[in-house]
Amino acid sequence: MFQTAPIRAASQTDLTREMAARLHTALTTHLEQAYAPDQRKYLRLFSATETADLLGVTGQFLRKCHSDGTLPEPQDIRNGRRFYSAAEMLAARRLLEDGSRTPGKYLPGRRGEDRLQVIQFMNFKGGSAKSTSAIHLCHYLALNGYRVLAVDLDPQGSMTGFCGIQTELEFDGTSVYDALRYDDPLPMREAIVQTYFPGLDLAPAKLVLSEFETETAVNAGRGVAFFERLSAALATVEQDYDVVVIDSPPALGFLTLTGLYAATSVIVPMTPSMLDLASTQQFIEMTSAYLGVIEETGVHLDHDFFSFLITRDDPSDIPSQQIVSLMRALFQDRVVGATMLRSTAVADAAMLKMSIYEVARAEMTRSTYDRARGSTDAVGVEIASMIQRAWGR
């Protein structure tokens with residue numbers, strides 16, 4: 001607990017400056033403690049049972065693969081129990097895929113002429129669990145063998161923080177803004193960084209990304225189109241990835257719209273409350289108007305799916321379940337069947353900018369963990385199925 005003296009400020013400017021300084025100090029201290037000793041995130045190891053489940057095989061099959069030399073032993077073996085890193089799991093996927101008679105069984109990503117899937121999470125209602133849902137999908141897909149690129153279009157950098165880059169600790173590297181800016185943009189490849197999570201790369205965000213809004217307004221007056229800037233940047237790296245997940249800002253501005261143009265699919269997270277329902281209705285109405293403006297330029301937008309995802313779902317809350325039922329009645333299969341449950345496990349993990357996949361089951365009450373993990377897995381399974389259908393499988 002921080003103990004500080006009361007703020008004595010001579011002016012409103014001094015007051016807000018002191019508030020910002022204290023918050024910066026508190027955040028820095030918290031993150032330095034969370035990621036001690038070197039302020040870097042590391043992904044935990046996975047038990048043999050978890051690994052077998054993620055690979056889609058039985059524990060007996062996994063043991064047989066080790067005994068016959070199909071798969072190398074993991075580096076970490078304690079008292080006869082195997083523990084796998086995510087990198088070792090990914091290597092195992094590649095070896096098993098090479099020996100499989102069924103293409104895509106272990107590496108379910110793009111094949112042949114499959115187009116890059118670009119999924120945008122968008123809603124201008126704060127608190128919709130947009131960033132949390134996006135990072136959980138990234139981690140689910142990466143653990144299941146997809147090559148994933150996370151693109152953070154929110155200047156607040158929530159997804160960037162989840163990926164282990166703390167903008168609060170003076171992140172000085174390149175960001176997605178460097179690839180989108182109008183003056184001397186960098187190649188997209190130079191704006192992408194590897195994360196600590198194998199299979200997941202990141203185009204990070206910094207506060208300077210907000211400048212894109214101002215620059216776009218200026219350039220729009222000169223007749224410079226803005227909406228294709230992200231799609232053009234992604235086209236230069238599309239062969240490196242199966243899926244791109246975009247976390248857009250909670251506003252319907254130019255950043256969200258350039259993401260919407262690049263997207264092949266859209267997911268709108270929303271919590272089941274009347275306020276969120278009303279806000280989402282306004283958001284969709286405004287989105288429709290903006291899409292109309294873009295299409296008037298002769299551009300035809302065609303999304304593989306445009307779906308709603310219910311987040312922070314509480315099955316015991318009758319009023320919220322009425323909202324869920326209403327959404328399903330109105331939009332039917334455009335509402336993802338699985339929901340992101342309201343969970344203390346997810347909330348506690350998010351406090352350290354972690355997903356539920358980064359937390360070991362033994363670190364929480366098992367029933368709470370299983371409930372949260374089951375929920376996020378179910379959402380991941382369904383969205384992965386939507387991706388596969390978009391590829392015609």
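These figures come from a predicted structure and were not determined experimentally.
- Under the 4.0 Å criterion applied to side-chain N and carboxylate O atoms, K206 and E211 are not assigned as salt-bridge partners.
- The pair R44-E363 does not meet the salt-bridge criterion, since no charged nitrogen lies less than 4.0 angstrom from a carboxylate oxygen.
- For an aromatic pair to be called close, the ring centres must be under 6.0 Å apart, and F46 with F83 fails this.
- Outside the 6.0 Å centre-distance limit, the rings of Y182 and F226 are not counted as a close aromatic pair.
- Note on K130 versus D247: salt bridge recorded, some NZ/NE/NH1/NH2 to OD/OE distance being below 4.0 Å.
- L107 and L55 fall into different hydrophobic clusters, where Ile, Leu, Val, Met, Phe, Trp and Tyr residues are linked whenever their side-chain heavy atoms come under 4.5 Å apart, directly or through other members.
- Between the side chain of R229 and the backbone N or O of T258, no donor-acceptor pair lies under 3.5 Å.
- Between V268 and F306 there is a side-chain heavy-atom pair separated by less than 4.5 Å.
- Formation of a donor-acceptor pair under 3.5 Å by the N144 side chain with backbone atoms of Y140 is found in this model.
- A heavy-atom distance below 4.5 Å is found between the side chains of P250 and Q156.
- For the pairing with I387, the side chain to side chain contact (heavy atoms under 4.5 Å, CB included) check across T264, L141, D114 returns one residue only, L141.
- Between K41 and E358, at least one side-chain N (NZ, or NE/NH1/NH2) sits under 4.0 Å from a carboxylate O, which counts as a salt bridge.
- For the residue pair Y357/D377, the side-chain donor-acceptor check at 3.5 Å is satisfied.
- Side-chain contact, T160 with D152: a donor N or O sits under 3.5 Å from an acceptor N or O.
- Under 4.0 Å is where a charged nitrogen must lie from a carboxylate oxygen, and between K64 and D68 at least one such pair does.
- Linking ILVMFWY side-chain heavy atoms closer than 4.5 Å, directly or via other members, places V381 and L341 in two distinct hydrophobic clusters.
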CA sep, side-chain torsions, deciding dist, call: H139, Y146, ring pair (Phe, Tyr, Trp, His ring centres under 6.0 Å): CA-CA 10 Å; H139 286 179; Y146 292 85; over 10 Å; no

side-chain hydrogen bond (donor to acceptor under 3.5 Å, both in side chains) between S355 and H136, worked out: CA-CA 6 Å; S355 77; H136 276 86; 4.5 Å; no

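- A donor-acceptor contact closer than 3.5 angstrom is absent between the side chains of N219 and T216.
- For the pairing with D242, the salt bridge (Lys or Arg N to Asp or Glu O under 4.0 Å) check across R115, R111, R147 returns one residue only, R147.
- D314 and S320 share no donor-acceptor pair across their side chains, judged by distance under 3.5 Å alone.
- Looking at S133 and T311, their side chains come closer than 4.5 Å, going by heavy atoms from C-beta outward.
- Annotation: side chain of I119 is in contact with side chain of F305 (closest heavy-atom distance under 4.5 Å).
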Verdict with reasoning, I383 to L137, per side-chain contact (heavy atoms from CB on, under 4.5 Å): CA-CA 8 Å; I383 295 178; L137 179 62; 4.0 Å; yes

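- Salt bridge R189/D240: present, at least one basic N to carboxylate O contact under 4.0 Å.
- Side-chain N or O atoms of E213 include one that pairs as donor or acceptor with a backbone N or O of L255 at under 3.5 Å.
- Across F254, F227, Y290, a single residue satisfies ring-ring contact (aromatic ring centres under 6.0 Å, His included) together with Y261, and that is F227.
- Between E73 and R82 a salt bridge is recorded (basic side-chain N to carboxylate O distance below 4.0 Å).
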